[in-house]
Each structure stands twice: as structure tokens, then as C-alpha cells.
Student: 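Here it is, the structure in full.
Every heavy atom of this structure was used, including side-chain atoms; hydrogens, water molecules and symmetry mates were not.
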Amino acid sequence: MGELAAEKHVQYILSVEKRKDDLISVAMEHLRMNGAYWGLTTLDLLGKLETVDVDEVVSWVMECQHESGGYGGNIGHDPHILYTLSAVQILALFDKLNVLDVEKVTNYIAQLQNQDGSFSGDIWGEVDTRFSYIALCCLSILHRLDKINVEKAVSYIVSCKNLDGGFGSTPGGESHAGQIFCCVGALAITGSLHHIDKDLLGWWLCERQVKSGGLNGRPEKLPDDTENGGISDRPDDAVDVYHTYFGVAGLSHLEYPGLKAIDPAYALPVDVVNRIFFAR
């Protein structure tokens, strides 16, 4: 088993936060909330969350909240359910959920549910099973699943199940590992895993592994896979905080020594999830 360059990954994540004016930072400005979640969760899995200024991060997160109750990807950006979950997850990491106006945030999410049980990402109406997962995950963390029609939400997700056992972004959409994570996670959160054909889906997921040992997201796609730290999608590609998070999270699931355990449904460290649900 190769050695995880933990300290280099920590330094890489901290360096990403300090870069504010280069081309990559400007291009990714609208995703900063997601990037903060990926980076901070990685630091926590590595046992290094104390290397960041909690008050500074929490203050920035709260500045990204829109009057609608949702959160934008950065200060002054439009709210979206994607960034709203990341904001809630970041506050959960720091045990700062108490700073939230829970009613305001959960009302924002609840009004994004459609008549068929699906969820839109924002006021413009795009529908995707990712948004179903996000809504259910966020409302569960905040103990407010009662705000939505959970039965309809589950039915919509099940309608996106394909003959190969996987799930797509909408009914009839191609099965993809990313969508499968979201749908399985949503069904786990709602106690609805009995809707999954575990053997069929298990085989589909096993077939995603390629000869190199890496995994792809769908059939016929190249696999996703350190001198200066960070992890890339495949060997020799540029590193980024997104793949660094998922690489470390994957190693956590494989019980790599020295990493904290991560909850597979909530995508947060297990100790954080236990604090949310069992330390009230």
C-alpha cells in the first residue's frame, strides 16, 4: 500500500485558500463554498481541522447567505441548493449549526420541491437527483425532514432507477456513479434502501474498476485516480481540491491508517454525524 502524503495534502489545501487572484481562483470563484467544504472536510479527515481560523470561516459562510435563506457559492452570488448544503456541512464540521436560522434555511429548501417529488436546484428550475439528495441530506442534518413530502421524494428517486440497477439524473437518464451515490445516499437517509437491487447495482459498480485499479463513473470513461500535495482525477493530471477530498474520503472508506472515518450517506466525518444525531 502506498503512503499517503498527509502533511503535503494539508499544505496544498491551505495554499488553495490563500490563492485569491490567479486565473484558477477567479474561474472557480462561484464554487468557493463547495471548495471550502471539500477542503475543510479533507482537513478534518486528516485530523488537521484546527489549522484554520474557525471564526473567519463561519463569518464568511454567513456572509454568503441570501435573503431567501439559501446560500451562494461566494459573497454576493445567487443562492443554490448545492451551496446551501455545503454551507450547512461546513457549520456542522465546526459544531456551529446554532448560528443558523434553521426555519429560514429549511423553508428555502422546502419550496424547491416540485409536485412530482423532485427538487429544483434554484428558482430557475433545473431538476436533478443530486438536488434530491442535497435537500434530504440538508434537512436531515437540521432535523427538519417534516418540511417536505419525503414519500414523494423517495418515489421520484426510485423512478430514476435503470434496468442496469443504477440511477440517472432524471427518469431514463444514463446511470452514473455520481448520481448513484446521490440516490443511494438519499434512500439511506430516508430508510428506503429496500428499493435498491443490491446485487445488480453492486455488479454495475464493480465493473467501474479498470486494470489500473482506478474507477470510472460510467462505461467507457477513463478512470479517476504528489510532489506538492493534492490528488488528481488520474495519474499525471493537475491536482484539485475536489479530487483531493474524494481521494482521501475513498481511503477513509478503505480504513487507511491515520484517517478519521467518514459517513457514506452524509459525506461528513462519523464523529460529526454522531454529534448531530446523538448529542442533542
Side-chain angles (χ1 to χ4, degrees), residues 28 30-35 37-38 64 66 68-74 77-89 105-142 144-145 147-190 192-193 195-196 201 204-205 208 216-219 221 224 233 242-243 245-246 249 264-268:
M28 301 300 286
H30 65 295
L31 292 174
R32 195 169 176 219
M33 186 67 76
N34 294 149
Y37 156 70
W38 297 324
C64 294
H66 189 263
S68 64
Y71 285 78
N74 210 332
H77 288 233
D78 291 340
H80 194 286
I81 200 169
L82 282 167
Y83 311 126
T84 301
L85 174 61
S86 289
V88 169
Q89 288 171 316
V105 175
T106 55
N107 283 340
Y108 169 76
I109 296 170
Q111 55 90 26
L112 291 172
Q113 187 172 31
N114 302 306
Q115 284 297 315
D116 62 358
S118 66
F119 282 84
S120 299
D122 57 16
I123 61 172
W124 303 110
E126 179 190 6
V127 171
D128 191 305
T129 46
R130 289 178 302 154
F131 307 151
S132 296
Y133 164 74
I134 287 168
L136 291 163
C137 183
C138 200
L139 291 174
S140 181
I141 289 171
L142 298 176
R144 293 312 307 269
L145 279 171
K147 287 265 189 178
I148 61 167
N149 189 322
V150 175
E151 184 178 351
K152 275 192 170 183
V154 170
S155 294
Y156 179 77
I157 292 168
V158 173
S159 75
C160 297
K161 184 169 67 171
N162 292 319
L163 294 175
D164 58 14
F167 293 82
S169 58
T170 54
E174 177 189 19
S175 294
H176 186 281
Q179 304 297 150
I180 290 169
F181 163 77
C182 290
C183 293
V184 172
L187 294 176
I189 288 168
T190 57
S192 306
L193 287 174
H195 289 292
I196 295 172
L201 177 56
W204 190 93
L205 292 169
R208 303 283 65 74
N216 59 27
R218 61 181 184 271
K221 183 177 180 292
D224 289 347
D233 63 338
Y242 171 82
H243 288 98
Y245 161 69
F246 282 104
Y266 290 95
L268 286 168

Student: Using a 3.5 Å distance criterion without hydrogens, assess whether the side chain of Arg144 forms a donor-acceptor pair with backbone atoms of Ser140.
Tutor: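 No.
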
Student: Mind checking the NE2-OG spacing from His80 to Ser120? Nearest 0.5 Å is all I need.
Tutor: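 OG of Ser120 is found 9.0 Å from NE2 of His80.
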
Student: Can you measure from CD (Glu126) to CG (Leu112) and round to the nearest 0.5 angstrom?
Tutor: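 It is 12.0 Å, given to the nearest 0.5 Å.
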
Student: Could you state the interatomic distance from CG (Leu268) to CD1 (Ile141), rounded to the nearest 0.5 Å?
Tutor: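 CD1 of Ile141 is found 5.5 Å from CG of Leu268.
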
Student: Applying side chain to side chain contact (heavy atoms under 4.5 Å, CB included), run through Asn34 and Tyr83 and close with a yes or a no.
Tutor: CA-CA 6 Å; Asn34 294 149; Tyr83 311 126; 3.2 Å; yes

Student: How far does SG of Cys137 sit from CD1 of Ile81, to the nearest 0.5 angstrom?
Tutor: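 Going from SG on Cys137 over to CD1 on Ile81, the span is 10.5 Å.
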
Student: Ignoring hydrogens and geometry, is there a side-chain-to-backbone donor-acceptor pair from Tyr133 to Ala265 under 3.5 Å?
Tutor: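 Side chain of Tyr133 to backbone of Ala265, a donor-acceptor pair under 3.5 Å: yes, one is there.
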
Student: If we ignore hydrogens and angles and just use 3.5 Å, is the side chain of Ser155 paired with the main-chain N or O of Ala153 as donor and acceptor?
Tutor: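 A pair under 3.5 Å: no.
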
Student: Checking the side chain of Asn74 only, and the main-chain atoms of Cys64 only, is there a donor and an acceptor separated by less than 3.5 Å?
Tutor: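 Side chain of Asn74 to backbone of Cys64: no pair is present.
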
Student: Give the minimum heavy-atom separation between Gly70 and Thr84, together with the two atoms involved.
Tutor: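 Answer, listing the atom of Gly70 first, then Thr84: CA-OG1, 3.6 Å.
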
Student: About how many Å separate CG of Asp116 and NZ of Lys152, when rounded to the nearest 0.5 Å?
Tutor: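 Answer for the NZ-CG pair, Lys152 versus Asp116, is 8.0 Å.
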
Student: Determine, step by step, whether Leu145 and Leu136 satisfy the side chain to side chain contact (heavy atoms under 4.5 Å, CB included) criterion, reporting the C-alpha distance in whole Å, the side-chain angles of both residues, the deciding distance to 0.1 Å, and the verdict.
Tutor: CA-CA 7 Å; Leu145 279 171; Leu136 291 163; 3.8 Å; yes

Student: So, do Tyr156 and Glu151 sit near enough that their side-chain heavy atoms are less than 4.5 Å apart?
Tutor: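 The answer is no, as the side chains (C-beta and beyond) never meet within the 4.5 Å cut-off.
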
Student: Is there side-chain contact between Asp122 and Asp78, with at least one heavy-atom pair below 4.5 Å?
Tutor: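 No, every pair of side-chain atoms sits at 4.5 Å or beyond.
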
Student: Centroid separation under 6.0 Å, is that true for the rings of Tyr37 and Tyr245?
Tutor: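 Here the rings of Tyr37 and Tyr245 have centres that are less than 6.0 Å from each other.
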
Student: Might you work through the side chain to side chain contact (heavy atoms under 4.5 Å, CB included) test for Leu193 and Ile196, ending with a clear yes or no?
Tutor: CA-CA 6 Å; Leu193 287 174; Ile196 295 172; 3.6 Å; yes

Student: Are Tyr71 and Leu85 side-chain neighbours, meaning at least one heavy-atom pair lies under 4.5 Å?
Tutor: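 When only atoms from C-beta onward are counted, Leu85 and Tyr71 do not touch, as no gap falls below 4.5 Å.
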
Student: Is the ring centre of His176 less than 6.0 Å from the ring centre of Phe181?
Tutor: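 No, too far apart.
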
Student: Please report the C-alpha distance between Phe167 and Ile157 in whole Å, then the side-chain angles of each, then the deciding distance to 0.1 Å, and finally whether the side chain to side chain contact (heavy atoms under 4.5 Å, CB included) criterion is met.
Tutor: CA-CA 8 Å; Phe167 293 82; Ile157 292 168; 4.3 Å; yes

Student: Quick one: does Pro79's side chain get under 4.5 Å of Tyr108's, heavy atoms only?
Tutor: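 Yes, close enough: below the 4.5 Å cut-off.
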
Student: Is the closest side-chain donor-acceptor distance between Gln179 and Ser169 under 3.5 Å?
Tutor: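 No, because no side-chain N or O of Gln179 sits under 3.5 Å from a partner of the opposite role on Ser169.
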
Student: Find out whether Ile109 and Lys147 are in side-chain contact, i.e. whether some heavy atom of one side chain is under 4.5 Å from a heavy atom of the other.
Tutor: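 Ile109 vs Lys147: side chains apart.
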
Student: Can you spot which of Thr106, Ile134, Leu142 makes a side-chain contact (heavy atoms from CB on, under 4.5 Å) with Val88?
Tutor: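 Testing Val88 for a side-chain contact (heavy atoms from CB on, under 4.5 Å) against Thr106, Ile134, Leu142 leaves exactly one candidate, Leu142.
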
Student: First locate atom OG of Ser118, then atom CZ of Phe131, and finally report the distance between them rounded to the nearest 0.5 Å.
Tutor: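 Ser118 atom OG to Phe131 atom CZ measures 10.5 Å (nearest 0.5 Å).
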
Student: Closest approach of Ser175 and Asp164, non-hydrogen atoms and distance?
Tutor: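 Between these two residues, the closest heavy atoms are OG-OD1, 2.8 Å.
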
Student: Side-chain contact test, heavy atoms from C-beta onward, threshold under 4.5 Å: evaluate it for Ile180 versus Trp204 and give yes or no.
Tutor: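 Side chain of Ile180 against side chain of Trp204, heavy atoms only: contact under 4.5 Å found.
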
Student: Are the side chain of Lys161 and the backbone of His195 linked by a donor-acceptor contact shorter than 3.5 Å?
Tutor: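 Checking the backbone N and O of His195 against the side chain of Lys161, a donor-acceptor pair under 3.5 Å is found.
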
Student: Treating Thr129 as the side-chain partner and Gly168 as the backbone partner, does any N or O pair qualify as donor plus acceptor under 3.5 Å?
Tutor: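 Yes.
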
